[in-house]
Amino acid sequence: MPEGHTLHRLAIALNEAFAGRTITASSPQGRFTEPAATIDQTAMIAASAHGKHLFCEFDCGHWLHVHLGLIGSFLLSEPEPPRGQVRLRLATARTVADLRGPQLCAIKTPAEIDAQIAALGPDPLRCDADPEVAWHRIQRAGRPIAALLMDQAILSGIGNVYRAEVLFRNRVDPYRPGSKLSKRSWLGMWTDLVGLMPIGVRDGRIDTVRPEHSPEAMGRPPRQDIRGGEVYVYRRAGQACLVCGSRIRSEVLAGRNLFWCGKCQRRG
DNA sequence: CGAGCATGGTGAC
DNA sequence: TCACCCTGCTCGA
């Protein structure tokens, strides 16, 4: 679930439910009793996201820092008894937010939050993001662009789905070294992410297929799986490329399964 | 029902 | 580069 769009969407939901309100914080499962006690019965000022990191500022001067990792979730619902392993619960009389399986859940100082943000590359979902900062580092890197896109210190919020899809949509060869990537290709991918990721925030899923390749236009059945969006290459190894018909390829790159079309993606 | 895998990241070699 | 953490799903017996 969690690439950058998930965290930005979550920040919006947490603000709607809790910003300006005094919340009850608890750790039903017990793992985060101390962080919960620190913010219990204080007002949440605001939640925000930077890349895949979520930050919640509380009136007591403390910040809650959450990273969902691969399998974490932070789900809002109407009040109900906690089910399963709820590591942290934020609650008002109207709403509860249950955190499960996070990679990180900790109380931080403002200085620590600043340091975390400073360690992250520009986030295409933030209006203050500067693609030149990422370009400077990409140019000097010998690693493949598909590895650099996943490096949160170079740009933040991109995960394995957006990586594969933005490379495909811009016809970029995933193995092109950063130092040999054209600035035109980089700016094309950045601009594309700036357009695509807000759609992910809005819809809560990653859709990247252009109208001319949509199921309706191609005479394919639309995807039934609600969790996944319509994509060109992600997890489509062995299937036909929606554009040229050749077999989608798959290899592990930077520790994750990369999916791409060897015929469509030749740009540098 | 168990194994394997997943939109992520860390820490040990 | 690998083991590992954490949860929930799918797939094959």
Side-chain angles (χ1 to χ4, degrees), chain A residues 1-11 27-33 35 49-55 65-75 77 82-89 97-106 108 112 115-117 119-121 123-125 142-144 146-169 174 189 192-193 196-209 223-238 248 250-260:
Chain A
M1 301 287 283
E3 294 195 28
H5 69 298
T6 303
L7 283 299
H8 284 263
R9 181 179 172 84
L10 181 54
S27 180
Q29 175 270 347
R31 171 141 178 200
F32 298 118
T33 302
H50 206 123
K52 299 170 190 170
H53 295 258
L54 176 72
F55 305 112
H65 180 190
V66 170
H67 194 294
L68 294 179
L70 182 60
I71 61 168
S73 64
F74 206 174
L75 297 177
S77 66
R83 279 198 295 268
Q85 302 283 81
V86 176
R87 308 279 176 171
L88 179 75
R89 165 171 279 200
D98 283 344
L99 178 67
R100 298 164 199 271
Q103 173 168 117
L104 173 72
C105 170
K108 299 287 184 68
E112 288 171 326
Q116 177 61 68
I117 292 171
L120 295 169
D123 176 350
L125 282 169
R143 295 146 67 206
L148 302 173
L149 287 173
M150 295 275 286
D151 185 338
Q152 304 297 300
I154 293 179
L155 68 163
S156 60
I158 313 306
N160 205 22
V161 183
Y162 281 120
R163 160 174 88 159
E165 295 298 308
V166 78
L167 286 166
F168 179 87
R169 283 171 52 101
M189 288 194 287
D192 206 22
L193 289 166
L196 277 177
M197 295 183 76
I199 297 171
V201 174
R202 182 193 67 194
D203 297 342
R205 48 183 261 179
I206 299 177
D207 289 285
T208 62
V209 173
R223 177 177 292 245
Q224 296 297 314
D225 181 355
I226 313 171
R227 287 186 304 282
E230 294 290 343
V231 292
Y232 281 107
V233 291
Y234 176 69
R235 289 241 254 174
R236 294 194 65 243
I248 299 300
S250 176
E251 273 177 19
V252 174
L253 198 162
R256 313 297 299 280
N257 289 318
L258 170 72
F259 303 89
W260 84 106

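In the text below, chain A, chain B and the rest are named by the order of the sequence lines, each starting its count at 1. This structure is a prediction, so every number in the text was calculated from the model and none was measured.
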Just verifying a value: how many Å separate A/Leu193 CG and A/Leu125 CG, rounded to the nearest 0.5 Å? 9.0 Å
Criterion side chain to side chain contact (heavy atoms under 4.5 Å, CB included) on A/Met197 and A/His8, from CA distance to verdict: CA-CA 10 Å; A/Met197 295 183 76; A/His8 284 263; over 6 Å; no
Write down the distance between CZ (A/Arg256) and P (B/dG8), rounded to a whole number of angstrom. 4 Å
Any donor-acceptor pair under 3.5 Å from A/Ser250 side chain to A/Phe259 backbone: no
Give the rounded distance in Å between these two atoms: CD of A/Glu165 and P of B/dT7. 12 Å
Looking at A/His67, does any N or O in its side chain come under 4.0 Å of the phosphate oxygens OP1/OP2 on B/dG8? no
Do the side chain of A/Arg31 and the main chain of A/Ser27 share a donor and acceptor less than 3.5 angstrom apart? no
Are the side chain of A/Glu3 and the backbone N or O of A/Gly159 linked by a donor-acceptor pair below 3.5 Å? yes
In whole Å, measure the gap between the C1' atoms of C/dA3 and B/dC5 for me. 16 Å
Between A/Leu149 (CG) and B/dG9 (P), how many Å, whole number? 13 Å
Specify the residues of residues 155-164 of chain A, ordered by number, for which at least one heavy atom lies under 4.0 angstrom from an atom of DNA chain B. A/Gly159, A/Asn160, A/Val161
Please answer whether the main-chain N or O of A/Val233 pairs with a side-chain N or O of A/Glu165 as donor and acceptor at a distance below 3.5 Å. yes
Rounded to the nearest Å, what distance is computed from the NE2 atom of residue A/His65 to the P atom of nucleotide B/dG8? 15 Å
Between B/dG8 atom P and A/Glu3 atom CD, what is the distance in whole Å? 5 Å
Taking only nitrogen or oxygen atoms into account, show me every contact under 3.5 Å that the protein makes with nucleotides 1-6 of chain C, one pair per line with its distance.
from: C/dC6; atom 1: O3'; to: A/Arg87; atom 2: NH2; distance (Å): 3.1

Is the A/Phe55 ring parallel, tilted or perpendicular to the A/His65 ring (thresholds 30°, 60°)? tilted
When you measure from the side-chain N and O atoms of A/Lys52 to the phosphate of B/dG9, is any distance below 4.0 Å, counting only OP1 and OP2? yes
A/Leu120 CG - B/dG9 P separation (whole Å): 9 Å
Measure the CD-NE2 distance between A/Gln116 and A/His50 for me, rounded to the nearest 0.5 Å. 9.5 Å
Between B/dC1 and C/dC6, how far is it from one P atom to the other, in whole Å? 23 Å
Tell me if a side-chain donor or acceptor on A/Arg87 pairs with a main-chain N or O of A/Pro102 at a distance below 3.5 Å. no
Can you tell me how far P of B/dG9 sits from CD1 of A/Ile154, to the nearest Å? 13 Å
Rounded to the nearest angstrom, tell me the gap between atom CG in A/Leu75 and atom C1' in C/dG8. 12 Å
Could you give the distance separating B/dT10 and C/dG8 at their P atoms, to the nearest angstrom? 22 Å
